[in-house]
Amino acid sequence: MSFAGYKSMHLPTGVENCAAGFITHSASDFSPTTTDELDFDFPTQKPIGPIPNLIVSAANIIELYTVRVQEDHGDSKSPNVSGARLELVCYYRLHGNVETVGVLPAGSVDGGKRRDSIILTFQDAKISILEFDDSIHGLRTSSMHCFEGPEWLHLKRGRECFARGPLVKVDPQGRCAGILVYGLQMIMLKAAEGSSALVVEENAPSAGGTLAARIESSYIINLRELDMKHIKDFVFIHGYIEPVMVILHERELTWAGRVSWKHHTCMISALSVSTALKQHPLIWSGTNLPHDAYKLLAVPSPIGGVLVVCANTIHYHSQSSSCVLAVNNFAVPDDNSQEMARSSFNVELDAAQATWLTGDVAILSTKTGELLLLTLVYDGRTVQRLDLSKSRASVLTSGIATMGNSFFFLGSRLGDSLLVQFASKVGGSTIPSAIKEEIGDIEGDIPSAKRIRMSSSDIMQDIANGEELSFYSSDPNIAESSQKTFSFSVRDSLINVGPLRDFSYGLRVNADPNAVGVAKQSNYELVCCSGHGKNGALSVLQRSIRPETITQESLPGCKGIWAVYHKSARSHIIESSKGSDDDEYHAYLVISLESRTMVLQTANNLEEVTENVDYYIQGPTIAAGNLFGRRRVIQVFACGARVLDGAFMTQELSFKVTNAEAGSGAEDAIVLSVSIADPYVVLRMSDGSIQLLVGDPSSCTVSVTSPAAFEGSQNLISACTLYHDKGPVPWLRTASSDAWLSTGVGEAIDGADGASQDQGDVYCLICYESGDLEILDVPKLNRVFEVDKFLSGRAHLIDSLLQEPPVDCQRHSKKGSMDMSGHGRKDGSDSIKVVELAMQRWSGQHSRPILFGILSDGTILCYHAYIYEGSENAPKLEEFSSSISASRLHNLRFVRIPLDSYVREEMSPGSSNKRITMFKNIGGCQGSFFCGSRPVWFMLFRERIRMHPQICDGPIAAFTVLHNVNCNHGFIYVTAQGSLKICQLPSQLSYDNHWPVQKILLKGTPHQVTYFADKNLYSLIVSVPVAKPINQVLSSLVDQEVGLVEHDMTNVDGTYNVEEFEVRIMEPEKSGGPWQTRATIPMQISENALTVRVVTLFNTAKRENETLLAIGTAYVQGEDVAARGRIILCSIDKSPDGPQTSVLEVYSKELKGAISAVTSIQGHLLIASGPKIILHRWTGSDLDGVAFYDVPPLHVVSLNIVKNFILLGDIHKSIYFLSWKEQDRQLTLLAKDFGSLDCLATEFLIDGSTLSLIVSDDQKNVQIFYYAPKMSESWKGQKLLSRAEFHVGSHITKFMRLQLLPTISDRTGGAPVSDKTNRFGLLFGTLDGSIGCVAPLDELTFRRLHSLQRKLVDTVAHVAGLNPKSFRQFQSKGKAHRPGPDGIVDFELLCHYEMLSLEEQMEIAQQVGTTRMQVISNLNDLALSTSFL
């Protein structure tokens, strides 16, 4: 029996829902920007009002963003909004796919001080209401509503399968929300008025606090009783005293083929909903709407009413008036009506998304990605007519949300999502009354080099300068004031790599042929087909970073490396302007070896100047850095320090005296670690004490102070660091009470010789051996913040004074009792201590500090600081004695950030090397780099940490930033093997994604890609829509052999879009630029390429193997023509010196049936053509059929080969397992799955000598089968037995088999080697843009993790109250299915284990009957063995 684990490696990126609401702040919190601060390209207009948050959902991910507007005061006359970017507030992985998202507005209660809440709906009928909780800086569930299970079974009325999940709509004034479930059941949620709510919480903030909108009660309206049958959409409309719900429903179903007989079958009904009386009378209705109506849009006040969007028309309805606009020639007027108004151009509106820009202008995004503007021309409250006009082209959208009065967000599953700023101006222009169109492609405006760095600010230039779109009515009676001009500019974008239709695994351009082991993985990249239509692209994903090496030297035994600046006093005055700091070049490079120190000059080339400088070179250096505004360098070694001005020493210090008073003849304490924050240096000594060096900027000298606070203290210090709180407003000052704010700022300004420049504050963070953390202010060293047991890794850190009364005796007794209880069980926890701390705040107006801690067992703790000015903080302050200064950072809190993807460090006990290096600008990115045996980059984008491992060089001993002439914003690192590399980050990759990615635009839909390893080429199927004359299209659909022309097609005019297919041969560009198309293989008219694969065939004439490209196609000619397909074999030759690639078609033949899959098995070619598979032999000029089997009843989706076994997936009839016997020349069916299953992808799962078959289906499940002819239930081997089943929650389109990498436990020896090496994991890609893997586990690990998983279902607080167990159950949607065994562990749930605190981890491990170290090593082993790419 073989077991497996499921693990997500790249979270979904395709945005399915987006909504805007005031979640983290209320509308009244906003201070309006005055008009003179706005850009005059956007002519006189209202200021940017309050901007709501953006809520985005992608599969089971929900993200909350806030919009940060950057104002550019460059020009004194017209400072403008130079850009806006999205900043992440929080994100969650849910145990369920979000179906729809709604925002419950707080309405105008409490003068707009209340906040909105988020409504999430999940499959079948689950509803969660979430609100933002400031005290935890995250979302918490305010109420949950579930209408599933036995007691609600009657709502389904016997149906099992529904076309769509729950649909939520909210009353614009926030009085209620409606959720449509099970097709005809409307769940009404009544909002709480004022302060009454479902839960009255004890710890709810007092009246001054910020309450969010809450739900009070719910009830169900059965719409079937109101004689509604088929509901398409519903919406709440504006302008009524009670909430009014308009429902769009169809009385009798019809379809396009019956329109001549039955049409205009839809109608709308408006119900006035009284939530108190639970009544809903019908107040008005509109009938005779076209059968293709699908969407309602509520028109904002003061106009009111509703827009009905159909495929060919747009209708406006209100209680008093109605009008219609036809948008193309297919629009049919209702029988009795007069001629319809028509738009000036043709467009198809099915599958459009829409939102309102202003009260009378809506923006529609069509299925081709065009943006259309719809204006309501109205008089008073009567709408006279609708005007439609073209605007820019943009991305293909899945949702669109207006954010305030200046922004809207285009969410997309098929391309990158965009944040767009818009501005309108009214009237005053004298352009003749005509439509002036300037249609440009929004994304096309971004130069590709800049699109790569979406995060950098230069992209946010105003793209729309001059590209204004004016639209007017040509009706002379309308006053000039109704003329409106809109201008758009893209301000930010979120990268999306979905939908992943197919991917292949190839070598990177800068691969290293000599790499071995894990480092070899970083030679590969994943080339994915993503996007659709004009958003189609190749996404090149590389999980680990491989830097671009500039030079490389051998340097054995290196312990540390530092690059320092040097400013002479003269140049300091000249360059005192602020901008030069970032671009200043480094002056010296200090390299610490085992027994000496080297110094290099870094001006142009690296030249060793060790002999000519006054640096300490007789022993290793502990640290080096700059002091006094880069005018001096301080170098710290084991027993002293030197201050240098350039090459000359100005001061030398020695730390030998410190330990004299300790007596007892102990050896002198030496320096272990150093942290420098201008003008202070803190040293941690080997006896567990610290020393502070204080610099005097006027004389540029340094003095040693041994802090009195730590004299005679018994607590040994295990780690310490300095944090420099820079910036125009030091961030931490806002975290203390107001009393200190006023004094602190005053002192800072007076103290600096009357200089107005505020240098910010410096704090010292100290961690004791006991695991407690303290923050002290420097140089007074008063405690301003303390946390007990920092090392246990709790989810939130709060100043411990706020958690318990500060009575010393009580604290001591508590600690004593804790120590006693701790001795009961030994889990290695006593030895865990914090070995390194670092805290940094990166540039950015709203950025918050991040605190890193490394524990001795390799855990990395990462915390994000936030400020919570809660009411519970205040009253306890009065209880404190006056001795506690008011300068404590009472409002400071930290929230822990999950780091899912990192592999735990193998910590050796003796290593005291500093691992964390912060960087402000390496290739335009900021963050920190962690050295060690598993080096990893932490990059910060939009306040979100992105982790990218770097495995190409194995362990890294030292790292530093380097910026000089030859290495622009690069870095240097030294590997443990002793080679020093000077590198830069690859510039073509975008790092603001789960994996670094490069997108290569194709302007067409990619369908399949395959890698030609010998030639390093990729061949991919691309289809591009081409407009063709309709009569030409119709004539191609007639069977040429019959020769009958059924109807006269000569007089049909117009065009029709047809997808034209071709196979492109592309080569990666050596410089990392856009890829080059080396050759294309065009398809014939109405021929679709279905599959392209590289096959190795045995040429029976030449008696040798040939590698060829096989293409399988199908002719798509409508249902009247018999299906045919074509198999094409091509040979590809690439000249070694030039870029020429020649493609030669060596064979082509038509076969019956579509050729949907090809593969090679033992030198033969296996072709799936229609309802049979045929095995061919290749003679060099012809394919000869050798064997066939009539196996797939319908259509083959995938073929996989292992040795002589064949696994075949059918589109409806599940999987078939065959074998090919060479000597008998026959294909034999071994077994099949007797159930019906709509397969999407199949593959073999190999675990040692066990072979399993895995299949994914259209219900987003995965099943593992096995072949066991000796078992009785397999009906003598005819039936495949189920080994495991699992609900993934995404459509898996491709599995790829990759060999698992060796783990630590494998190396130390365990099972016999042969068993461990032959293990393969399956990497898979999904339509949501997520990537994950299914990997085999041995039984012991499986049993351990499975029982832990069961435990975690109850112990972890799951976001939105979702149950992971029910989410992962096989979903059959009403088809008969016998439940299979639960043989797959869910690592999505297990990754919560590492986020629990240390005490909880140990307790749970003990309850499961194992130890924490055992569980963590199991989790780590899986992460290690699957660290592909």
Side-chain angles (χ1 to χ4, degrees), residues 19 21 27 102-110 112 114 116-117 119 167-180 186-194 213-221 223 225-228 231-249 266-287 289 293 295-309 314-323 354-356 358-362 376 378-384 386 402:
V103 170
L104 182 69
S108 52
V109 197
D110 304 342
R114 280 175 57 183
D116 306 345
S117 292
I119 304 180
L167 177 66
V168 58
K169 295 287 162 91
V170 185
D171 173 50
Q173 290 172 33
R175 295 165 293 193
C176 65
I179 292 108
L180 182 70
M186 180 70 71
I187 298 170
M188 299 301 303
L189 300 180
K190 177 176 187 274
E193 292 170 18
R214 300 263 173 97
I215 296 295
E216 189 180 88
S217 61
S218 66
Y219 67 98
I220 297 179
I221 303 176
L223 297 177
E225 293 166 4
L226 303 178
D227 205 26
M228 298 183 188
I231 296 181
K232 297 189 154 191
D233 199 13
F234 72 102
V235 76
F236 288 90
I237 59 174
H238 299 254
Y240 286 84
I241 296 172
E242 291 231 293
V244 171
M245 175 163 61
V246 176
I247 299 178
L248 170 67
H249 55 108
C266 289
M267 64 176 289
I268 53 173
S269 309
L271 310 177
S272 173
V273 178
S274 161
T275 48
L277 302 171
K278 299 191 181 179
Q279 291 176 348
H280 35 270
L282 179 74
I283 50 175
W284 56 269
S285 63
T287 54
L289 292 169
K295 194 183 209 53
L296 294 177
L297 211 55
V299 182
S301 302
I303 307 175
V306 66
L307 280 178
V308 186
V309 185
I314 302 176
H315 303 252
Y316 169 80
H317 276 272
S318 71
Q319 200 156 354
S320 50
S321 67
S322 69
C323 61
T355 184
W356 294 95
T358 61
D360 57 344
V361 179
L376 278 61
Y378 65 101
D379 181 16
R381 288 190 67 170
T382 347
V383 173
Q384 290 158 343
L386 308 171
T402 312

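All values below come from the heavy atoms of this structure, side chains included, with hydrogens, waters and symmetry mates left out. Nothing here was measured: the structure is a model prediction, and the numbers come from that model. For this chain, numbers begin at 1 and follow the sequence in order.
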Practice task
Kindly indicate, with the supporting measurements, whether the criterion side-chain contact (heavy atoms from CB on, under 4.5 Å) is fulfilled by Met228 and Ser269.
Solution key: CA-CA 9 Å; Met228 298 183 188; Ser269 309; 4.0 Å; yes
Practice task
Consider only side-chain N and O atoms of Gln173 and Tyr240, and report whether a donor and an acceptor are under 3.5 Å apart.
Solution key: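 There is no such pair (donor and acceptor under 3.5 Å, judged by atom type) between the side chains of Gln173 and Tyr240.
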Atom pair [atom1] ([X]) and [atom2] ([Y]), whose distance is rounded to the nearest 0.5 Å:
X	Y	atom1	atom2	result
Leu223	Met186	CG	CE	5.0 Å
Ile268	Met245	CD1	CE	13.5 Å
Leu189	Ile119	CG	CD1	6.0 Å

Who pairs with [X] by side chain to side chain donor-acceptor pair (under 3.5 Å), at least two apart in sequence or on another chain?
X	result
Thr402	Thr355
Tyr219	none
His315	Thr313
Lys190	Glu216

Practice task
For Leu180 and Ile231, run side-chain contact (heavy atoms from CB on, under 4.5 Å): C-alpha distance rounded to whole Å, both residues' side-chain angles, the deciding distance at 0.1 Å, then the answer.
Solution key: CA-CA 9 Å; Leu180 182 70; Ile231 296 181; 3.7 Å; yes
Handout entry: Ser218 (side chain) donor-acceptor with Met188 (main chain) under 3.5 angstrom
Key =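 No, the answer is negative, given that no donor and acceptor are paired below the 3.5 Å cut-off.
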Practice task
Give a yes or no on whether the backbone of Ala298 and the side-chain of Trp356 come within a donor-acceptor separation of less than 3.5 Å.
Solution key: yes
Practice task
Determine whether His317 and Leu289 make a side-chain contact, defined as any pair of heavy atoms from C-beta on separated by less than 4.5 Å.
Solution key: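 Yes. Closest side-chain heavy atoms under 4.5 Å.
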Residues in side chain to side chain contact (heavy atoms under 4.5 Å, CB included) contact with [X], at least two apart in sequence or another chain:
X	value
Ser301	His238
Lys169	Leu167, Asp233, Phe234, Phe236
Ser321	Tyr316, Ser318, Thr382

Heavy-atom closest contact ([X] atom, [Y] atom, distance):
X	Y	result
Cys176	Val170	O-CG1, 3.8 Å
Ala293	Val308	CB-CG1, 3.8 Å
Ala213	Ser117	O-OG, 2.5 Å
Leu296	Ile247	CD1-C, 4.3 Å
Val103	Gly21	CG1-CA, 3.8 Å
Gly305	Ile237	O-CG2, 3.8 Å

Report, one line per pair, each donor and acceptor closer than 3.5 Å where one atom sits in a side chain of residues 271-283; sequence neighbours left out.
residue	atom	partner	partner atom	Å
Ser274	OG	Leu277	N	3.2

Exercise for the section: Decide yes or no on side-chain contact (heavy atoms from CB on, under 4.5 Å) for Val306 and Val235, but give the supporting numbers first. Expected result: CA-CA 9 Å; Val306 66; Val235 76; 4.0 Å; yes
Problem - Qualifying salt bridge (charged side-chain N to carboxylate O under 4.0 Å, His left out) pairs, either residue in residues 237-247, two or more places apart - result: none
Practice task
Please name all residues satisfying salt bridge (charged side-chain N to carboxylate O under 4.0 Å, His left out) with Asp116, sequence neighbours left out, ordered by chain then number.
Solution key: none
Problem - side-chain contact (heavy atoms from CB on, under 4.5 Å) between His249 and Met267, worked out - result: CA-CA 6 Å; His249 55 108; Met267 64 176 289; 3.5 Å; yes
